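Quick caveat: nothing in here was measured; it's all calculated off a predicted structure. Per chain, numbering begins at 1; letters A, B, ... match sequence-line order.
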Amino acid sequence: MLKDLPTVYDAKTTEEEIYKFWEENGMFKADAKSSKPSYSIVIPPPNVTGVLHMGHALDETLQDILIRYHRMSGYEALWVPGTDHAGIATQNVVEKKLREKGLSRYDLGREEFLKETWDWANKHKSAILDQCKRLGASFDRTRERFTFDKGCSDAVKEVFVKLYEKGLIYKGAYIVNWCPRCQSAISDVETEYETEQGHLWEISYPLKGESGAIIVATTRPETIFGDVAIAVHPSDHKYSELIGKTVVIPLSGREIPIIADEYVDKNFGTGAVKITPAHDPNDFEVGKRHGFKPIWVIDGEGKMKACGEVPQELHGLDRYEAREKILGMLSYNNFLLRTKEHEHNVGKCQRCNTTIEPLLSEQWFVKMEPLAKEAIKAVKDGRIKFVPERWEKNYLGWMENIRDWCISRQLWWGHQIPAYYHNETGEMIVAKENPDPKNYTQDSDVLDTWFSSALWPFSTMGWPNTESDDFKKFYPTSVLVTGFDIIFFWVARMITMGLEFTKKAPFSTVYIHGLIRDEKGQKMSKSKGNTIDPVVIIDKYGSDALRFTMTSLCTYGGQDIKISDERFEYGRNFANKIWNASRFVLMNLDGVDEADIDFSKLTLADKWILNELNNTAKEFNENIKNYRIGETAHILYEFFWNKYCDWYLELAKIQLQNDDLKLNTQRVLRYVLDMTLRLLHPIMPHITEKVWQLIPQKSKFKALMLADFPVYDDKLVFSSDMDLVFETIKSIRNVRQSFNIPTSLKCDIEIRTEQKSTFEEMEAYIQRLAKVDKISYASASSPIPPKSAAAVVGASKIIIPLANLIDFDEEIKRQNKKLDKLLAEKNSLSGRINNEKFVQNAPKELIEQTKSRIAEIEIQEKAVTELIKSLKD
RNA sequence: GGGCGUUUAGCUCAGUUGGUAGAGCGUCUCCCUUACAAGGAGAGGGUCGGGGGUUCAAGUCCCUCAACGCCCACCA
């Protein structure tokens with residue numbers, strides 16, 4: 001049966017089979033009543049509208065590694081999955097579907113539209129989490145949550161009412177970022193700025209009752225009908241005489257004053273600014289200071305309002321079309337004096353890329369500053385630490401300058417704001433439930449999606465019921481794993497809300513990884529068409545290959561990760577190597593008993609590999625504890641491929657042929673494979689589980705995923721001279737290759753050494769792995785026979801008599817090259833030793849090390865010189 | 001305007017308290033050796049972006065310049 005295992009690892013079949021095995025046995029389910037210490041992670045909930053992309057794949061893989069590692073390391077590990085209702089994104093999708101049927105949400109009405117959206121969300125809610133199963137995600141689906149489910153809604157209401165009662169939520173009219181397409185306010189962080197080449201227009205505003213004019217520079221001439229004043233700097237001599245005078249707005253004829261305000265920059269434009277409080281945040285502030293009433297001229301759709309002095313022909317016109325018309329009119333009437341090229345930043349809606357319209361409107365806000373205090377403290381005093389640390393600065397910088405958060409959205413899909421207005425008096429009550437549905441109507445706005453996300457670490461644990469088992473056992477969570485792009489959107493807000501409502505930091509570590517990019521370093525996006533679908537990669541290379549590759553690309557500094565389809569060959573090849581090495585071991589375990597390794601019978605090779613395994617376990621544990629997760633992959637790759645496969649399996653082949661050594665060698669093979677699979681399991685769960693279950697053993701564990709994770713073990717510390725064997729074999733191979741000695745030809749060697757017994761112990765290894773026939777010995781001082789190739793290993797000389805095979809000139813060249821290298825090293829090292837200051841200042845061990853290295857070089861130098869001499873003779 | 005990151009082998013990137021550079025891929029040579037050709041063995045390849053400084057010693061610390069990338073703020 002074992003011999004029937006295919007030589008190429010079949011990831012697809014294995015992964016399906018193994019995942020099903022774990023799932024059906026309920027192995028992902030965490031026990032809130034467990035006495036083990038808890039380790040918990042909540043997933044950054046993907047949008048219900050989403051499909052799995054590479055960013056998720058990386059994020060989920062890293063979380064799964066941490067969860068699996070801790071589960072095996074004695075923790076009660078809980079990973080909570082879930083999805084986000086994604087207000088605008090989801091509403092957009094459903095509205096688009098309606099539009100295809102020629103309908104709008106208004107045709108359906110709020111109630112019917114919500115029903116439709118719920119249906120859609122319910123249908124898609126689990127799709128992305130099902131895709132995560134392909135990744136091997138060991139999250140607890142029995143605890144799956146949705147940011148719009150009953151529990152989250154209760155938490156949202158609780159938080160909203162409490163914040164309102166504390167005076168930290170208020171409603172008011174302010175300039176907000178308004179998306180004319182979404183028809184809603186959005187928050188500052190949802191506004192992305194793009195640099196655009198625009199214009200600065202200089203417009204002349206004639207003075208009233210006298211000749212002359214004041215020239216104003218603006219980028220937004222279409223707001224001219226909303227002007228309430230012209231502002232200049234109080235100390236600007238150019239305009240000091242004009243302050244207090246009145247000008248007439250071009251095209252409108254309305255009269256407005258010239259005022260002085262510190263806000264104006266004397267050196268920008270003409271030094272005179274038109275003030276439009278309804279459509280610009282700075283103008284709003286100026287307007288407020290001077291007591292002007294704002295005049296709206298652009299509506300929520302970004303069109304010119306049909307009101308006031310806006311000319312008839314502009315009514316309902318898009319703001320940019322109106323701009324062109326207005327410029328035409330100004331120019332025609334000689335009010336437009338100059339048009340200058342001007343580069344400026346334009347705000348765009350994060351969701352739909354529509355240009356934001358700053359608009360004065362009535363919205364709800366969270367006063368962030370008082371909340372931020374504790375959130376700053378928690379990071380400064382180390383209750384929360386960022387990995388890598390540099391993100392702390394980024395976080396703190398933002399937190400220390402935080403502005404109020406606009407939380408109301410003019411959407412239907414979302415948590416409706418729990419404020420109720422009396423139908424007649426308009427009196428407002430903020431409460432979890434409508435006090436009197438007959439007479440009170442609920443506020444029609446909903447909350448920013450991130451409001452419910454901010455509560456995610458504790459709303460998923462049963463909060464506000466702080467007595468729930470999950471909350472008691474698993475809150476606060478252990479770590480939050482995410483990309484840097486949502487530190488402000490999400491991480492910062494979770495920290496503030498967690499501290500405010502649970503008095504605890506929601507997690508003690510924020511592990512920030514890089515973003516996935518395409519091979520050119522560009523962000524992946526559907527519109528660019530440069531996305532790589534993780535499911536396609538999994539189909540092609542396997543889930544473990546995807547996981548291993550991505551993990552290995554994670555650097556400690558959290559650099560962005562460039563990937564291409566071919567990069568996953570790295571993980572696929574490694575999985576295949578694991579598969580085949582395991583096949584070899586399994587095929588050679590026939591007749592093995594169930595006993596542990598007999599330590600009294602260990603060979604040098606056995607000791608060497610056990611010692612290496614032990615170091616690997618130690619390094620793995622140290623690295624993962626410090627979130628050097630990429631490093632863990634490198635360590636395991638190096639150990640498994642370059643040590644276990646390249647050397648130990650080859651050495652074991654020799655030992656297996658020795659009846660005295662066979663049984664214990666089998667035990668070592670089995671043990672090291674078992675432990676290695678455990679080490680690899682968090683990163684490559686499927687293949688390791690599959691192979692592990694094929695290993696004959698008396699394990700008490702039902703599955704590898706539940707087995708104990710290896711830790712450093714004093715009993716496995718050995719020192720051995722294997723390096724001498726490896727060096728010997730490698731140098732003989734080198735000689736063979738240099739002189740094109742065919743593999744079929746075994747050569748004899750002579751070893752000139754004072755360590756005869758050590759070499760004798762290793763003869764079998766050298767013979768087989770370097771294709772050597774007879775080995776003879778002589779003392780290190782014996783003369784070198786003529787016509788030989790040779791290698792110097794440590795203080796020993798390996799002589800390969802090849803009189804008829806080698807080109808002596810070639811060999812002299814080869815040895816000279818080696819000599820040059822030795823001399824260069826010696827030169828540099830003795831330079832140090834001869835430097836008094838070095839001897840004074842350098843650590844003792846380094847000096848000793850340097851001296852002994854020089855001594856070693858001198859021995860080799862002597863040997864090589866001797867060789868060259870004998871070749872020349 | 002402020003802040004951060006990057007610059008190391010042809011390509012993509014590691015390099016944790018400073019002690020004369022590593023991997024994967026690619027290249028060259030040999031090998032279907034009974035786990036694996038998605039493999040094995042061997043080889044070649046780097047003045048660690050430029051300049052300056054600290055030090056016995058700098059890819060690693062400090063200063064400065066340059067290029068590229070990102071974030072925040074935002075002057076109408």
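Base engagement by A:Lys577 is indicated by at least one non-hydrogen atom pair under 4.0 Å involving a base atom. The residue A:His342 sits close only to the backbone: its heavy atoms come under 4.0 Å of sugar-phosphate atoms, none of a base. Within 4.0 Å (heavy atoms only), A:Arg733 reaches sugar-phosphate atoms of the nucleic acid but no base atom. Within 4.0 Å (heavy atoms only), A:Asn626 reaches no atom of the nucleic acid at all. A:Val839 comes within contact range of no nucleotide atom at all, as no heavy-atom separation falls under 4.0 Å. Residue contacts shown for A:Arg403 are limited to sugar-phosphate atoms, with no base heavy atom under 4.0 Å away. Within the nucleic acid shown, A:Trp641 comes within 4.0 Å of sugar-phosphate atoms alone, with no base atom in reach, counting heavy atoms only. The residue A:Asn345 sits close to a base: some heavy atom pair falls under 4.0 Å. The residue A:Leu829 sits close to a base: some heavy atom pair falls under 4.0 Å. Nucleic acid contact for A:Val585: none, since no nucleic acid atom lies under 4.0 Å from a heavy atom of the residue. Counting non-hydrogen atoms under 4.0 angstrom, A:Phe488 reaches the backbone sugars and phosphates but no base. Counting non-hydrogen atoms under 4.0 angstrom, A:Arg220 reaches nothing in the nucleic acid. Contacts of A:Asn841 with the nucleic acid, taken as non-hydrogen atoms under 4.0 Å apart, include base atoms. Residue contacts for A:Gln849: at a heavy-atom cut-off of 4.0 Å it reaches no nucleic acid atom on any strand shown.
Distances were taken from every side-chain heavy atom of A:Val273 (C-beta onward) to each of B:rC4, B:rA76, B:rG39; the shortest belongs to B:rA76. The listed nucleotides are B:rG19, B:rG42, B:rA35; the one nearest the side chain of A:Cys645 is B:rA35. Considering only the side chain of A:Asp646, B:rG40 comes nearest among B:rC4, B:rG40, B:rC56. The side chain of A:Asn740 lies closest to B:rU29 when the candidates are B:rC74, B:rC56, B:rU29. Side-chain atoms of A:Gln559 lie closest to B:rA14 of the nucleotides B:rA41, B:rA14, B:rG42. Set against B:rC30, B:rC13, B:rA76, the side chain of A:Gln737 has B:rC30 as its closest nucleotide. When distances are taken from the side chain of A:Asn394 to each of B:rG19, B:rG24, B:rC71, the shortest belongs to B:rC71.
Spacing between B:rG50 and B:rA66 at atom C1', rounded to whole Å, works out to 7 Å. Comparing the same atom, C1', in B:rU54 and in B:rA58 gives a spacing of 10 Å after rounding to whole Å. Taking atom P on both B:rA21 and B:rA9, the two are 15 Å apart, rounded to the nearest angstrom. One P atom belongs to B:rG51, the other to B:rC70, and the distance between them is 28 Å to the nearest Å. Rounded to a whole angstrom, the distance from the P atom of B:rG46 to that of B:rA41 is 24 Å. Annotation: B:rA73 and B:rC4 have their C1' atoms spaced 15 Å apart (nearest Å). Look at the C1' atom in both B:rC11 and B:rC62: the space between them is 33 Å, to the nearest Å.
One finds the OG1 atom of A:Thr14 at 9.5 Å from the NE2 atom of A:His686 (value rounded to the nearest 0.5 Å). To the nearest 0.5 Å, atoms CG (A:Leu673) and OG1 (A:Thr688) are separated by 10.5 Å.
Considering only side-chain N and O atoms, A:Thr555 lies under 4.0 angstrom from the phosphate OP1 or OP2 of B:rA14. The side chain of A:Asn580 places no N or O atom within less than 4.0 Å of a non-bridging phosphate oxygen (OP1 or OP2) of B:rG39. For A:Lys817 and B:rG44, the shortest distance from a side-chain N or O to OP1 or OP2 is below 4.0 Å. Between B:rC70 and A:Trp391, no contact under 4.0 Å exists linking OP1 or OP2 to a side-chain N or O. In this structure, A:Lys653 does not reach the B:rU33 phosphate: none of its side-chain N or O atoms is under 4.0 Å from OP1 or OP2. Between A:Asn734 and B:rA43 there is a side-chain polar atom (N or O) within less than 4.0 angstrom of OP1 or OP2.
A:Ser235 and A:Lys266 share a side-chain donor-acceptor pair at under 3.5 Å.
The nearest whole Å value for the distance from the CG atom in A:Leu586 to the C1' atom in B:rC36 is 14 Å. The distance from atom CD1 of A:Ile635 to atom P of B:rA14 is 16 Å, rounded to the nearest whole Å. With rounding to whole Å, A:Arg583 atom CZ is found 14 Å from B:rA37 atom C1'.
Counting only heavy atoms from C-beta outward, the side chains of A:Asp544 and A:Ile578 never approach each other to under 4.5 Å.
A:Phe726 and A:Trp647 have tilted rings, their planes meeting at an angle from 30° to 60° on a 0 to 90° scale. Using cut-offs of 30° and 60° for the angle between ring planes, the A:Phe268 and A:His342 rings count as perpendicular. Note: A:His199 and A:Trp201 have tilted aromatic rings, judged against thresholds of 30 and 60 degrees for the angle between ring planes. A:Phe574 and A:Phe640 have perpendicular rings, their planes meeting at more than 60° on a 0 to 90° scale where under 30° would count as parallel.
One N or O donor and one acceptor, one from the side chain of A:Glu650 and one from the base of B:rA35, sit under 3.5 Å apart.
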